[in-house]
Amino acid sequence: MCGRYVMALRAGDLIDALEACGIDDVALAGPATGVDASPAGPEQSWRVSWNVAPTSTVPILVERYEEGADEAGTHAGRQREIHPARWGLLPRWAETAAFSSKTFNARSETVVSKPSFRSAVRRRRCVVPVQGYYEWKVSQEPQTGKTVRVPHLVRDRERPLILFAGLYEWWKDPEREAQGRDAWVLSTTILTGPSPDVGEDGAGPAHGDRPVLTELAQLHDRLPLAMSADEAADWIAPGERSREDTEADVERLRLGAVEVARGWTLHEVDRAVGNVRNDSPELIRPPDVMF
DNA sequence: CCAGACGTTGTT
DNA sequence: GTCTGG
DNA sequence: CCAGACGTTGTT
DNA sequence: GTCTGG
């Protein structure tokens, strides 16, 4: 799954990194119109961070068509934009922003039917770009039987970013509305799936898998769903999909995510990452003392 | 019918 | 908004 | 996701 | 044990 990650790039560098990953034509959010990308709150942006936690503001990549553009065939009116969004999806009917602490991940197996996600998954898909994500490996101390959680960083071996499959939603904050402020909040979530099946003891490649899939499976039983640039372009293409098409899209996503994960690498990091108040480049390095 | 939840992960 | 539980 | 709090009254 | 804050 994914409940903590790294996004220490400012807008300009993020756009460059996306381009290096094969995602072109990205702009910062401009004045927006229309149902699916309405009032872009210009006030808030994301904070550079090596320790991004749920409910904080993160950059997401969305795509929409300019008003009046030809939606069939041509890319003329296509707008790919980076918007700041609250991490944790807020359905239209959420009563408070606190709801988002429960929806920072969406299970791909049920996302099409769950009330919180089913609307967004059919027509509000996005990319959540990360430089790497943290996962706490749970194990038992053989002596005491105590449970220990050791944080690891997962990143791509070749590319500067991992492109997570996400959803977004606009939510009108009653509190802000009462204060007469801009009340629209953009929110987002990251899809998850089962970790790759690499066999019982995880010792060897069960069916030709490279070791990293085995490592990932041992790290955790869930995997955040990542995409290649091509898959990402398809995923965020605007327009409403039928429920059946959506099911197929998500299934395809789950299969592709395992292939993308073959390109990852992971290593242990310092326990300091557990406390969200710690935020520095040191967090992504292996621990100082490793024996 | 109304009331209440709407989520994920991990742990037991 | 819409489904589930009672 | 993990870490840390988990409470009230009254005073400054 | 469970919720809140970050």
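Order of the sequence lines sets the chain letters (A, B, ...), proteins ahead of strands, with each chain counted from 1.
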Go through the side-chain N and O atoms of N105(A) and T192(A) and say whether any donor and acceptor fall under 3.5 Å apart.
no
salt_bridge(D279(A), R47(A)) N-O dist < 4.0 Å
yes
Between the side chains of R122(A) and T246(A), is a donor N or O closer than 3.5 angstrom to an acceptor N or O?
no
Identify whether any heavy atom of V273(A) sits under 4.0 Å from a base atom; if not, whether one sits that close to sugar-phosphate; answer base, sugar-phosphate or nothing.
nothing
Indicate whether any N or O donor in one side chain lies under 3.5 Å from an N or O acceptor in the other, for S119(A) and E169(A).
no
Determine the Euclidean distance between corresponding C1' atoms of dC1(D) and dG7(B); express it in Å to zero decimal places.
14 Å
Strand DNA chain D in bracket notation, Watson-Crick/G-U under 3.5 Å with | for pairs to another chain
||||||......
Would W93(A) count as stacked on dC6(B) if the rule is ring centres under 5.5 Å and plane angle under 30°?
yes
Please report the distance separating the C1' of dT8(D) from the corresponding atom of dG1(E), rounded so that it comes out in whole Å.
22 Å
Keeping to residues at least two apart or across chains, list the salt bridge (charged side-chain N to carboxylate O under 4.0 Å, His left out) pairs with something in residues 97-107 of chain A.
R107(A)-E109(A)
Which value, in whole Å, describes the distance between the C1' atoms of nucleotides dG4(B) and dT4(E)?
22 Å
For nucleotides dA3(D) and dA5(B), find the distance between their C1' atoms and express it as a whole number of Å.
28 Å
dT9(B) and dC2(D): how far apart are their C1' atoms, nearest whole angstrom?
12 Å
